[in-house]
Visitor: 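Structure in structure tokens, see below.
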There are 2 protein chains.
Amino acid sequence: MNIQPLLNYISKIVTLTDEEITFLTSQVTYRKYLKGQYVLQQGDINKSVCFVVSGCTKMFYVDADGQEHIIMFAVEDWWSSDLGSFISQTPSDFNVQCIEDTECIVFSYNNMEETYAHIPKLERLFRKTIEKALVASQKRIVRNFSMSAKERYIIFRDSYPEIEQRIPQYMVASYLGISKEFLSKIKKQIAFQ
Amino acid sequence: MNIQPLLNYISKIVTLTDEEITFLTSQVTYRKYLKGQYVLQQGDINKSVCFVVSGCTKMFYVDADGQEHIIMFAVEDWWSSDLGSFISQTPSDFNVQCIEDTECIVFSYNNMEETYAHIPKLERLFRKTIEKALVASQKRIVRNFSMSAKERYIIFRDSYPEIEQRIPQYMVASYLGISKEFLSKIKKQIAFQ
DNA sequence: AAAAAATGTTAATCTACATTAACATCATTT
DNA sequence: AAATGATGTTAATGTAGATTAACATTTTTT
């Protein structure tokens with residue numbers, strides 16, 4: 001169990017005492033998923049939130065026509081899972097699936113109250129995480145309304161170059177909300193200009 | 001100052017003592033805006049969050065081409081303002097403007113810590129409000145990706161019939177992310193089928 | 001190394017929606 | 001009541017991006 005990446009992440013936001021670190025370690029579990037495994041399925045209530053230590057996950061939605069729409073990716077040092085379902089304990093609209101072998105540190109909903117009670121700083125940390133998710137989500141709505149697919153692709157590529165490298169292109173297309181054929185066209189166009 | 005609608009709203013989620021109500025009343029202010037007035041401007045840090053007692057506001061974004069994109073409306077018993085900017089105290093991407101004469105109860109960011117300290121239940125209430133905003137925002141992304149303008153219009157109309165009645169149609173179009181001409185066409189199509 | 005599966009490309013055709021522009025209706029001001 | 005401005009409609013034309021289908025390339029499995 002390699003909890004160090006989580007501690008590094010936390011230390012950027014709040015400072016924990018040795019005692020708090022010990023307690024935190026006792027509250028979380030470590031899980032390894034294989035490529036292709038589901039962390040969460042559409043319709044289930046999300047009981048846990050995962051901090052990714054290694055690997056990569058995608059959160060996506062399958063619509064009425066069976067089409068897959070990727071909402072977000074999570075790589076090292078990111079929170080995977082549907083935060084909305086986790087915090088409200090309502091059925092999730094999304095699936096979370098590993099697109100690489102993935103190791104993560106898991107916070108269970110059942111432990112959260114106890115964890116917050118023992119380490120109140122963590123409540124603040126999670127509040128901030130949710131805040132960031134809200135801001136990012138609203139920015140995404142705005143972009144989808146006011147920008148072309150090409151502009152959105154360039155922003156994605158420049159914001160997350162590491163992610164673009166390691167995932168198949170058709171998933172980038174799904175994230176951008178366009179077909180893989182059209183993304184192919186966009187990339188060609190960018191290469192020649 | 002009519003604080004009753006806020007108290008009714010709060011009582012649905014948490015129960016306040018008389019002492020807490022008195023304290024809360026001392027912490028908020030009451031503001032009246034005229035139709036057309038701005039509550040928040042793009043680029044400013046949102047210092048306050050408003051509970052709408054009467055009237056209606058729109059939150060919108062003006063893009064690089066000068067086009068307006070409406071993100072949400074707020075009517076009686078809703079929270080107006082950009083929660084993202086408020087909670088993170090970062091410059092807002094959005095404007096909030098009254099589209100009717102509007103009265104609201106204002107929480108100032110500077111008072112929040114004190115309010116939370118005195119009435120911890122309210123921290124939970126606000127956390128839940130943010131959670132709901134996140135869930136709604138993610139649902140919106142999904143809808144915009146996987147549904148046609150007609151489907152989105154029907155959902156909007158059925159979810160918020162009161163809002164549709166009281167705002168001009170071109171604002172509904174902006175909220176849906178389509179042109180007013182196309183919404184006009186959709187409505188005609190629905191009427192004839 | 002061959003076969004199979006997954007991923008990526010190209011081009012033709014199609015469609016949901018935007019844009020433009022002209023006009024119609026309704027609300028507000030004088 | 002006329003005039004002005006705000007809102008809504010219709011129709012013609014344009015375009016971003018979808019869909020289909022065939023093929024190319026890369027990766028994985030055997």
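Reminder, nothing fancy here: chain letters follow the sequence lines and each chain counts from 1.
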Visitor: A:Phe107 and ring-ring contact (aromatic ring centres under 6.0 Å, His included): which partner among A:Tyr116, A:Trp79, A:Tyr30, A:Phe86?
Guide: A:Trp79
Visitor: Determine, step by step, whether B:Ile3 and B:Val28 satisfy the side-chain contact (heavy atoms from CB on, under 4.5 Å) criterion, reporting the C-alpha distance in whole Å, the side-chain angles of both residues, the deciding distance to 0.1 Å, and the verdict.
Guide: CA-CA 9 Å; B:Ile3 204 177; B:Val28 299; 4.0 Å; yes
Visitor: Along nucleotides 3-21 of chain C, 5' to 3', which nucleotides get a B, which get an S, and which get a -, given that the test is a protein heavy-atom distance under 4.0 Å?
Guide: ----SSBB------BSBBB
Visitor: Could you pull out all residues at least two apart from A:Tyr175 that satisfy ring-ring contact (aromatic ring centres under 6.0 Å, His included)?
Guide: A:Phe73, A:Phe156
Visitor: Quick one about A:Gln42 and A:Asn95 (side-chain donor to acceptor, distance below 3.5 Å, no hydrogens or angles considered), yes or no?
Guide: yes
Visitor: Is there a donor-acceptor contact under 3.5 Å linking the side chains of A:Asn46 and A:Ser92?
Guide: no
